[in-house]
Amino acid sequence: MLLRRLPSTAVSVTTTALSRRRTSPYFFSTQPGLKFLNSLSFYPKLFLLSFSSTSQSSSEFTDFITEQASKRGPLKPGLYLVGTPIGNLEDITLRALRVLKSADVILSEDTRHFGKLLHYYSIKTPLLSYHKFNESQREQTVLKRLKRGEIIALISDAGMPGISDPGTELAKLCVDENILVIPIPGPSAFLTALSASGLSTDEFTFVGFLPRHAGSRKERLMASASETTTQIFYVPPHKLCQFLEESSPIFGDSRRCVIARELTKIHEEFWRGTLGKAKEVFSTHQPKGEITLLIEGNANCTVETPSECQLENELRELISSGHSLSSAVKLVAQGTSMKKKMIYSLALRKFGKKSEAEDSN
């Protein structure tokens, strides 16, 4: 259940677990603010939580977590990949708060942005900027600190590190150096959007941000359009119109899509319709906020056989944009039921001499 902070209003939640396992009762009380009555263990018989809107409660809450976490022993040294809220500050796990408070340093994509979350939960752990522009310069410094036995938490601006955000390369380096890498799961924009999209969740492809180059974008969209699974993209708000203009001809105007924006925030919105309708609606105004865009998979099991002229035009466009003959054939073959050998034969017949001349040069 999502608990939103309501000014001057208390929110209470009571849950009763069915487990009969032994529990260790903890007691904590503040007035006004946060009360833990009975237990906050892994298998509670009864857990009663009262939230007030006072800023004092978040600080006391964090202190309580630290107090109880100390009973479980110190954290192991290593790199902790910590999932953080994608909007609503209350979407943080108890374990994430414990790690952030216990770490020697927090690697943050934007220290000013993340400072708000730390302030909200009264966490005073030092911050060190770590983003795509200084990632390679910071790596060796971070590795040295990890080898000295430090606890380092890596967070992105929102969501899980490494998912369309910095973190992947550092995690790879740590694995190669036999340094412990510990994921601390948390919110993720594309999973949040997918769960409420109304599209198929059995299988999906997370594409993320499209390439900047127009030719590369088209290639990626062509590959996605032929997939039978739900396709998920991250789209900056100022590029939504461009995305819809480029994707509609490839996927088809009738393909269903979902545009999810400002997830978990006050102005959270899910727009549902076809790509054609979306292109019409959003051509007149640019929405604000981060956008996750989902497109339903290709329901047509049989793909229409394109004409030789269509194949030739697609091959010509890819080759002129810098692709080799074999690469162009492979990309075109992905979007058709025709055998790759037939397309390759056509490519050799139409563009073979040109390709050979370019190779010799």
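Looking only at side-chain heavy atoms (C-beta outward), Y234 and L293 stay at 4.5 Å or farther from each other. In this structure, R138 and L107 have side chains that are not in contact, with every pair of non-hydrogen atoms separated by 4.5 Å or more. Side-chain atoms of T292 and F233, non-hydrogen and from C-beta on, never get closer than 4.5 Å to each other. Two residues are said to be in side-chain contact when any heavy atoms from C-beta on lie closer than 4.5 Å; I152 and V142 meet this criterion.
The pair R349-E308 meets the salt-bridge criterion, since a charged nitrogen lies less than 4.0 angstrom from a carboxylate oxygen. Of the charged side-chain nitrogens involved, none lies within less than 4.0 Å of a carboxylate oxygen, so that E268 and K265 do not count as a salt-bridged pair. A salt bridge between R217 and E246 is present, with a side-chain N of the basic residue lying under 4.0 Å from a carboxylate O of the acidic one.
By the ring pair (Phe, Tyr, Trp, His ring centres under 6.0 Å) test, H267 pairs with no residue at all, sequence neighbours left out. The side chain to side chain donor-acceptor pair (under 3.5 Å) test applied to N313 returns R316, not counting sequence neighbours. Considering only residues two or more places apart in sequence or on other chains, Y344 meets the ring pair (Phe, Tyr, Trp, His ring centres under 6.0 Å) condition with none of them. F251 is linked by a ring pair (Phe, Tyr, Trp, His ring centres under 6.0 Å) to nothing, counting only residues two or more places apart in sequence or in another chain. Residues satisfying the ring pair (Phe, Tyr, Trp, His ring centres under 6.0 Å) test with F204, not counting sequence neighbours, are none. For E177, the side chain to side chain donor-acceptor pair (under 3.5 Å) partners at least two apart in sequence or on another chain are K147.
For the residue pair T93 / R98, no side-chain donor-acceptor distance below 3.5 Å is found, with atom types taken as modelled. Defined by atom type and a distance below 3.5 Å, a donor-acceptor pair is missing between the side-chain atoms of T229 and E203.
Among M222, E314, H323, K218, the single residue meeting the side chain to side chain contact (heavy atoms under 4.5 Å, CB included) criterion with L331 is H323.
Residue T125 comes nearest to L100 through the heavy atom pair OG1-O, 2.6 Å, listed as atom of the first residue, atom of the second, then distance.
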- Task: Assess whether side chain to side chain donor-acceptor pair (under 3.5 Å) is satisfied between S216 and R220, documenting all intermediate values.
- Result: CA-CA 6 Å; S216 300; R220 178 61 256 187; over 6 Å; no
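Using bins of under 30°, 30° to 60° and over 60° for the plane-to-plane angle, the ring pair F190/F206 lands in the parallel bin.
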